[in-house]
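Right, one structure below, let's go through it.
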Amino acid sequence: MQNSVPTFLPDLDLAINRLDFYRLFKALCVQFDFELLMLVDMNNWPDERHIEALMVVINSDERSELDLDTISIDQDNAIFNSLRNSMLSSKWVGEQLVSDFDFCGNLDEMTAFSAPMHTPHGRHFGFCVLSKTDKMQNYAIETIKHSLDLVFDRFFQKIILPVTLPVISSRELEVIRWSSEGKTSVEIAIILGLSEHTINSYTTKILQKLHVVNRAQMVAKAIRMGLIQ
């Protein structure tokens with residue numbers, strides 16, 4: 001069983017757009033002999049049957065006739081339930097793979113690997129990969145998961161997070177930062193040269209944008225979201 005050193009590490013810090021990440025995921029497919037890699041958004045499933053695929057890489061020169069950007073998954077699907085509710089990666093073979101991954105077809109002699117991704121922001125994502133069973137056995141689960149973690153962390157920070165963050169102005173960010181230092185509205189007003197009423201107005205807007213109800217929650221969520229250190 002191989003424990004390969006990731007070959008994509010020199011390019012990881014340079015990845016800033018979807019094309020860069022497609023190339024990184026393609027490199028993962030080549031390194032670990034994946035036939036198919038999907039990164040899926042689990043946040044609305046199973047309330048909605050459809051799951052959005054944020055990245056799909058088919059490790060073949062042939063074009064797939066399947067539309068994998070949006071797939072319909074029954075709520076009793078064991079593989080996707082594992083992605084949604086478990087912290088552990090798993091391998092799937094045999095009848096379970098055929099019944100739960102049937103939207104891909106051609107599953108003879110194939111193994112699926114599922115790897116859940118839970119972010120500090122409470123959001124759930126997951127990888128599903130397909131590989132020939134004899135090739136999948138060449139790699140340790142921990143090695144595959146570690147490489148997926150590395151690329152996902154960068155993908156989340158550069159691609160997913162910027163479009164989900166609320167728009168916080170520079171002045172609002174100052175209010176959050178001083179609040180995290182334990183300053184009151186009066187003290188922040190003096191520091192910023194504004195009125196207490198203005199600071200309270202900023203605070204109210206921030207609470208609404210972050211969907212929280214008090215300053216303690218505001219600071220805690222801002223830290224989780226990476227708005228402040």
In this structure, would [X] and [Y] fall into the same cluster of hydrophobic residues linked by side-chain contacts under 4.5 Å?
| X | Y | answer |
| --- | --- | --- |
| Leu130 | Val93 | no |
| Ile191 | Ile228 | yes |
| Ile223 | Trp178 | yes |
| Leu37 | Tyr22 | yes |
| Ile190 | Ile199 | no |

What is the minimum heavy-atom distance between [X] and [Y], and which atoms define it?
| X | Y | result |
| --- | --- | --- |
| Ala222 | Ile176 | CB-CG2, 3.7 Å |
| Leu148 | Ala115 | CD1-CB, 4.0 Å |
| Asn200 | Ser185 | OD1-OG, 2.7 Å |
| Met110 | Leu97 | O-CD2, 3.2 Å |
| Val175 | Leu192 | CG2-CD1, 4.3 Å |
| Arg215 | Thr184 | NH1-C, 4.2 Å |

Distance, nearest 0.5 Å, that separates [atom1] of [X] from [atom2] of [Y]:
| X | Y | atom1 | atom2 | value |
| --- | --- | --- | --- | --- |
| His124 | Asn85 | NE2 | CG | 8.0 Å |
| Leu28 | Phe127 | CG | CZ | 7.5 Å |
| Glu35 | Ile58 | CD | CD1 | 10.5 Å |
| Ser89 | Ile144 | OG | CD1 | 9.0 Å |
| Glu172 | Met218 | CD | CE | 10.0 Å |
| Thr70 | Arg49 | OG1 | CZ | 13.5 Å |

Test item: [X] side-chain N/O and [Y] main-chain N/O as donor-acceptor pair under 3.5 Å:
| X | Y | result |
| --- | --- | --- |
| Thr143 | Tyr139 | no |
| Ser201 | His197 | no |
| Ser82 | Ala78 | no |
| Asp74 | Asp76 | no |
| Ser86 | Leu83 | no |
| Asn81 | Asn77 | yes |
| Thr133 | Glu109 | yes |
| Tyr202 | Leu173 | no |
| Glu48 | Trp45 | no |

Below 4.5 Å, heavy atoms only, C-beta onward: do [X] and [Y] meet side chain to side chain?
| X | Y | answer |
| --- | --- | --- |
| Ile168 | Leu227 | yes |
| Leu24 | Arg154 | no |
| Lys221 | His211 | yes |
| Asp20 | Asp11 | no |
| Ile160 | Leu54 | yes |
| Met38 | Val129 | no |
| Asn214 | Gln217 | yes |
| Phe155 | Met55 | yes |

Practice task
Assign the ring pair Phe152 / Phe125 to parallel, tilted or perpendicular, where the plane angle (0 to 90°) is split at 30° and 60°.
Solution key: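 Because their plane-to-plane angle lies in the 30° to 60° range, the rings of Phe152 and Phe125 count as tilted.
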Handout entry: Evaluation steps, side-chain contact (heavy atoms from CB on, under 4.5 Å), between Arg171 and Leu194
Key = CA-CA 11 Å; Arg171 184 66 84 183; Leu194 301 170; 3.9 Å; yes
Practice task
Using only heavy-atom distances, determine whether the side chains of Asp33 and Ser131 contain a donor-acceptor pair under 3.5 Å.
Solution key: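 No pair is found: no donor N or O on one side chain lies under 3.5 Å from an acceptor on the other.
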Exercise for the section: For the residue pair Ser114 and Trp92, confirm or rule out a side-chain donor-acceptor distance under 3.5 Å. Expected result: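 Their side chains do contain a donor-acceptor pair, which is all the 3.5 Å distance test asks for.
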Handout entry: Verdict with supporting geometry, Lys91 and Ile141, side-chain contact (heavy atoms from CB on, under 4.5 Å)
Key = CA-CA 8 Å; Lys91 286 184 179 180; Ile141 286 181; 3.6 Å; yes
Practice task
Could you please spell out the steps behind the salt bridge (Lys or Arg N to Asp or Glu O under 4.0 Å) verdict for Lys145 and Glu142?
Solution key: CA-CA 5 Å; Lys145 179 62 163 58; Glu142 295 79 8; over 6 Å; no
Handout entry: Verdict with reasoning, Met117 to Met42, per side-chain contact (heavy atoms from CB on, under 4.5 Å)
Key = CA-CA 9 Å; Met117 300 285 160; Met42 303 298 301; over 6 Å; no
Practice task
Check whether more than 12 heavy atoms from other residues, nucleotides or ligands sit under 6.0 Å from atom NZ of Lys158, and answer yes or no.
Solution key: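 Incorrect, the count does not exceed 12.
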Handout entry: Heavy-atom neighbours of Gln75 CD exceed 12 at 6.0 Å
Key =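 Open.
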Exercise for the section: Step by step, work out the side-chain contact (heavy atoms from CB on, under 4.5 Å) result for Cys128 and Phe113. Expected result: CA-CA 6 Å; Cys128 283; Phe113 176 80; over 6 Å; no
Problem - Worked verdict on Arg123 versus Asp41 for salt bridge (Lys or Arg N to Asp or Glu O under 4.0 Å) - result: CA-CA 9 Å; Arg123 304 193 66 200; Asp41 186 339; 3.8 Å; yes
